[in-house]
Amino acid sequence: MSKTFYVTTPIYYPSDVLHIGHVYSTTLAWTLRNYKKLLGYKTKLVTGADEHGQKIALVAQHLNLKPQLYVDKMAQKFQELWQAYKIDYDYFSRTSDLKHKKMVTKIFDQLLSSKNIYLDYYSGLYSISDEEFFTKAQAKIIDGNYVHPVSNHPLINIKEASFFLKIKEHEKWLNQYFQDHPKMIVPHKVLNELNNNFLKPGLNDLSITRSTFDWGISVPGHHPHVIYVWLDALTNYLSALGYQTKNNHDYIQFWKNGDEIVHVIGKEISRFHAIYWPIMLHALNLRQPNTILAHGWLVTTEGKMSKSKGNVIDPLKLLKKFHPEAIKYYLMSQINTGQDGVLSEELLLNVYNADLVNNVGNLLSRTAKLAEHYFPKGLKTLETFDQDISHVIKSSWENYQMHFNQFEIADALKVAINLAKQLNIFIEKTSPWNLTTKLNELNNILHVLCNGIYAVAIMLSVVLPLKMNEMLKSLGLKTFDIKQINKCDKFNNVKVKKYASLFERIKK
Ligand code: MSP
């Protein structure tokens with residue numbers, strides 16, 4: 001039976017349209033899913049919208065819309081964006097879905113009866129924009145006012161009755177869990193930060209309900225309490241799989257008995273995913289995810305994207321200039337997972353031209369032109385295969401997997417690009433255009449090139465599935481199969497055809 005792989009993106013707030021940073025997160029999860037699929041895993045990718053809370057209610061009110069109507073429109077827009085970016089997923093999770101709401105209510109009841117939840121008063125600082133609570137010690141002070149330590153959004157003082165989830169009680173368990181599973185949080189520096197900022201100073205119980213607004217899941221029998229966004233949001237990872245419903249086979253297959261579970265998130269929400277989420281699951285007696293993958297921020301050449309600076313990159317506008325796969329390729333190949341990365345149109349163009357047009361595109365066009373011209377009926381049977389290149393193909397595929405398995409996607413893609421470079425050098429070295437009277441030699445060389453291109457295409461197919469399928473067609477084959485990577489005779493009698501232009505050159 002094939003292994004399973006469940007990967008999620010954060011569910012995004014529909015308080016605004018999505019920007020290129022959100023596209024980065026989703027592309028990362030999508031690429032991991034594609035990679036695992038290529039290896040033969042049974043996969044599930046979930047993305048969605050985090051629709052409740054004060055912030056959303058305020059935006060809807062401002063637009064004179066009922067919150068439900070407002071989030072319906074925004075969820076539609078989110079899905080249109082993924083479609084435009086050719087990002088396919090298995091489930092779009094919405095916290096205003098009845099299925100999700102029912103599950104959250106059940107979970108709340110369960111935690112209440114296991115005495116993991118109690119009623120008290122919350123008093124402290126709160127950021128509406130980030131839906132996040134702080135103590136005075138955790139907050140930052142700017143011009144005498146308390147602000148969010150990372151986003152700098154203003155913090156307000158609130159005091160209200162609230163249900164709390166017991167966190168302190170599970171602190172020892174969590175510390176031990178991290179010791180036993182040192183690879184759960186990737187990159188490791190995120191765990192160090194959480195240790196210094198939250199775990200070492202000691203955790204506080206978490207306020208999980210609010211009573212000053214009503215756009216949320218009500219706590220049955222406790223009007224006016226509604227469940228505060230993070231308990232509502234994090235549990236979407238379970239409701240998306242049908243947890244607590246009759247139709248729960250996905251939950252059983254991908255979560256309970258699943259092989260790998262990965263949550264892709266931006267680093268600023270690692271506190272919720274790495275501290276509160278594991279504790280929630282532990283309190284519910286459920287299994288833990290294998291990996292919380294916290295990536296860095298996408299910034300522009302002028303620094304952080306912000307509405308006030310007017311430098312937020314609109315992903316739909318970017319699509320007017322670039323193919324979605326070119327953008328996704330940039331995001332995956334130029335940003336090291338876990339680190340911040342820069343995006344600008346100029347950088348995108350340079351990478352596109354260098355890696356895809358000049359290197360990969362050129363390699364295919366030179367090879368296919370010769371093959372079609374001299375072997376229109378198909379390549380002849382292979383006689384001898386260049387051992388050096390055979391070795392390079394084998395070790396490239398191994399290195400690629402080694403990097404991918406450690407979430408080093410940019411490094412993995414570099415392996416593919418380097419292989420394409422070596423094949424271009426091989427063309428220069430062997431000058432096949434001078435061998436037109438030595439067709440046996442030319443045939444052997446074309447076999448080497450086609451096999452090399454096949455390996456490059458498989459490796460890039462996790463980010464460029466459409467383009468790499470075109471490449472495969474040009475090579476005269478129908479499907480990618482990783483078992484074929486190291487078999488050199490797969491091009492015997494195969495008709496290779498010229499492809500008009502795989503990657504159109506974009507002028508500056
Ligand atoms: N709704 C919560 C997440 C709940 S998950 C159970 C939330 N939503 S959000 O709309 O604010 O999206 C935050 C996520 O968007 C980040 O964690 C990150 O994945 C992505 N990004 C937002 N801005 C980004 C950048 N500038 N760069 C990269 N990713 C960015 O938090």
Side-chain angles (χ1 to χ4, degrees), residues 7-32 46-56 59 71 74-75 77-78 81-82 87 92-96 100 104 127-132 148 150-151 153 190 208 216 227-240 261-278 280-281 289 292-307 309 311-315 318 327-328 330-332 334-344:
V7 60
T8 62
T9 78
I11 47 170
Y12 307 109
Y13 291 129
S15 44
D16 205 343
V17 287
L18 298 180
H19 60 63
I20 196 71
H22 303 110
V23 174
Y24 173 63
S25 276
T26 304
T27 303
L28 185 51
W30 174 81
T31 304
L32 289 173
V46 168
T47 187
D50 187 358
E51 305 182 323
H52 291 132
Q54 193 168 13
K55 184 168 54 168
I56 312 292
V59 180
V71 296
M74 294 304 282
K77 278 198 182 166
F78 283 13
L81 179 68
W82 304 135
I87 292 180
F92 190 85
S93 191
R94 297 187 57 189
T95 51
S96 71
H100 175 76
V104 172
S127 157
I128 299 181
S129 313
D130 304 282
E131 308 276 16
E132 197 170 351
H148 188 290
V150 181
S151 69
H153 287 137
V190 171
I208 51 164
I227 294 166
Y228 158 65
V229 288
W230 280 97
L231 178 71
D232 178 6
L234 289 161
T235 52
N236 97 87
Y237 300 138
L238 296 173
S239 62
I261 302 173
V262 177
H263 297 306
V264 171
I265 58 164
K267 60 183 176 184
E268 84 291 355
I269 54 174
S270 44
R271 172 186 173 190
F272 298 99
H273 283 80
I275 295 179
Y276 302 133
W277 181 226
M280 282 176 200
L281 289 166
I292 312 283
L293 180 60
H295 65 68
W297 280 335
L298 197 58
V299 298
T300 68
T301 33
E302 300 115 49
K304 221 181 146 188
M305 280 188 281
S306 81
K307 264 191 178 171
K309 278 197 212 159
N311 63 348
V312 179
I313 300 180
D314 176 352
L318 208 55
I327 304 172
K328 289 188 287 189
Y330 181 91
L331 296 176
M332 291 301 99
Q334 303 303 304
I335 299 164
N336 291 317
T337 327
Q339 289 170 24
D340 291 351
V342 187
L343 173 71
S344 72

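Ligands are counted one by one from 1 in listed order, and the atoms in each one are counted from 1 as well. As the structure is a prediction and not an experimental result, all values here were calculated from the model.
Take Asp340 and apply the salt bridge (Lys or Arg N to Asp or Glu O under 4.0 Å) test, not counting sequence neighbours, and it matches Lys267. Remark: Tyr330 engages no residue in a ring-ring contact (aromatic ring centres under 6.0 Å, His included) (not counting sequence neighbours). When the ring-ring contact (aromatic ring centres under 6.0 Å, His included) test is applied to His19, the partners found at least two apart in sequence or on another chain are His22.
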Could you pull out the N/O contacts under 3.5 angstrom between ligand 1 and the surrounding protein atoms?
from: ligand 1; atom 1: 1 (N); to: Ile11; atom 2: O; distance (Å): 2.8
from: ligand 1; atom 1: 1 (N); to: Asp50; atom 2: OD2; distance (Å): 2.7
from: ligand 1; atom 1: 10 (O); to: Tyr13; atom 2: N; distance (Å): 2.9
from: ligand 1; atom 1: 17 (O); to: Gly266; atom 2: N; distance (Å): 2.9
from: ligand 1; atom 1: 17 (O); to: Glu268; atom 2: OE2; distance (Å): 2.9
from: ligand 1; atom 1: 19 (O); to: Ser25; atom 2: OG; distance (Å): 2.4
from: ligand 1; atom 1: 19 (O); to: Gly266; atom 2: N; distance (Å): 3.2
from: ligand 1; atom 1: 19 (O); to: His295; atom 2: NE2; distance (Å): 3.4
from: ligand 1; atom 1: 26 (N); to: Leu298; atom 2: O; distance (Å): 3.2
from: ligand 1; atom 1: 27 (N); to: Leu298; atom 2: N; distance (Å): 2.8
from: ligand 1; atom 1: 29 (N); to: Gly21; atom 2: O; distance (Å): 3.2

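Using the six-membered ring where Trp is involved, Trp82 and Tyr12 have ring planes that are tilted, between 30° and 60° apart. Taking the six-membered ring for Trp and thresholds of 30 and 60 degrees, His273 and Tyr237 have ring planes inclined between 30 and 60 degrees apart.
Taking CD1 of Ile265 as the reference point, atom CZ of Arg271 lies at 13.0 Å (rounded to 0.5 Å).
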